[in-house]
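We count ligands from 1, going down the list as the structure has it; atoms in each ligand are counted the same way.
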Amino acid sequence: MKKSFIVFLIVTLTFFTLSLATTYIVGTSADFPPFEYVQNGKYVGFDIDLINEIAKIEGFKIQIRDMSFDSLIPALRAGVIDIAIAGMTITDEREKIVDFSEPYWHADQDVIVKKDSKFTVTVLCGKHKVGVQTGTTGDLWVSDNLVKPGLLNPNNVKRYQSFIYSLQALLNGSVDANVLDSPVAERFAKIKPVKIVATLVTGESYGIAVKKGNAELLNKINDALKKLESSGKMTLLIDKYFGK
Ligand code: ARG
């Protein structure tokens with residue numbers, strides 16, 4: 001009798017504590033395999049697992065909200081989301097308006113073209129059309145390094161809200177190339193009829209973003225990242241999404 005009452009008490013208390021756990025809204029742009037994408041109607045990927053592991057360690061709940069990449073920072077600033085995890089590069093400009101966790105990934109930019117095309121890196125110049133995702137570092141690279149020096153006509157940069165559309169435009173011939181993060185280009189080259197013709201060494205690092213000044217949440221995220229590294233869980237996650 002007594003024992004079952006104690007069990008009852010523990011179960012009730014656990015439920016009570018769990019239901020008290022804060023829920024953070026996590027924004028992502030689920031068009032970026034293997035970091036975040038939709039599979040069988042579910043949000044999956046390295047970033048999604050990572051934020052779930054962080055939530056487990058720090059005892060909070062999460063709710064994923066999918067949006068266009070360029071809405072993530074405005075959504076953080078407006079308090080519509082609490083966390084942004086989207087293979088987001090830590091840049092000086094972004095650091096002025098949001099706070100980033102410690103880096104958890106490194107990437108460059110790649111140029112991809114259709115697998116059966118004869119294009120080389122010169123696809124980035126002249127009359128060719130180049131597709132990018134709006135507001136990404138790929139978009140910025142194209143503007144700074146191709147459009148500004150006059151190598152590419154500004155009208156030939158095609159911006160898409162989602163990488164899915166940018167890739168579709170490449171596959172149906174509306175654009176000749178896409179500029180996008182190297183790990184994602186490598187994944188697309190495995191699963192779609194596209195190939196990488198150049199790597200632009202940009203030396204980017206990905207971080208998880210929170211609203212500027214939200215030190216409490218940022219500390220939790222950084223603490224969990226450290227624990228995931230030291231427990232070996234991070235390596236397991238990397239193997240899951242990047243292993244052969
Ligand atoms: N790393 C690039 C950036 O921060 C691209 C990120 C795009 N992410 C995505 N989930 N679509 O600008």
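The nearest protein atom to atom 8 (N) of ligand 1, hydrogens excluded, is given as Ala86 O, 2.8 Å; this is a heavy-atom distance. The protein atom (non-hydrogen) at minimum distance from atom 6 (C) of ligand 1 is Gly87 O, 3.3 Å. The nearest protein atom to atom 1 (N) of ligand 1, hydrogens excluded, is given as Asp181 OD2, 2.6 Å; this is a heavy-atom distance. In terms of protein heavy atoms, atom 10 (N) of ligand 1 is closest to Ser29 O, 2.9 Å.
Separation of atoms CZ (Arg94) and OG1 (Thr137) is listed at 6.0 Å; rounding is to 0.5 Å.
Annotation for ligand 1: atoms under 4.0 Å from non-hydrogen atoms of Glu36 are 10 (N). Counting the atoms of ligand 1 from 1 in the order shown, those under 4.0 Å from a heavy atom of Met88 are 4 (O). Atoms of ligand 1 found under 4.0 Å from any heavy atom of Tyr206, numbered from 1 in the order shown, are 1 (N).
Centroid-to-centroid, the aromatic rings of Phe35 and Phe242 come within less than 6.0 Å. Here Phe188 and Phe163 keep their ring centres 6.0 angstrom or further from each other. In this structure, the ring of His106 has its center no less than 6.0 angstrom from the ring center of Tyr206.
Here atom 2 (C) of ligand 1 lies nearest to Thr137 when heavy atoms of Thr137, Asp31, Asp47 are compared. The residue from Arg94, Gln133, Glu204 that puts a heavy atom closest to atom 4 (O) of ligand 1 is Arg94.
In terms of modelled atom types and a separation under 3.5 Å, the side chain of Asp66 and the main chain of Ala30 share a donor-acceptor contact.
No salt bridge links Asp92 with Lys96; every basic N to acidic carboxylate O contact stays at or beyond 4.0 Å.
The shortest N/O to N/O separation between Gly135 and ligand 1 does not fall below 3.5 Å.
Closest of all the heavy-atom pairs between Met88 and Ala209 is SD-CB, 4.2 Å.
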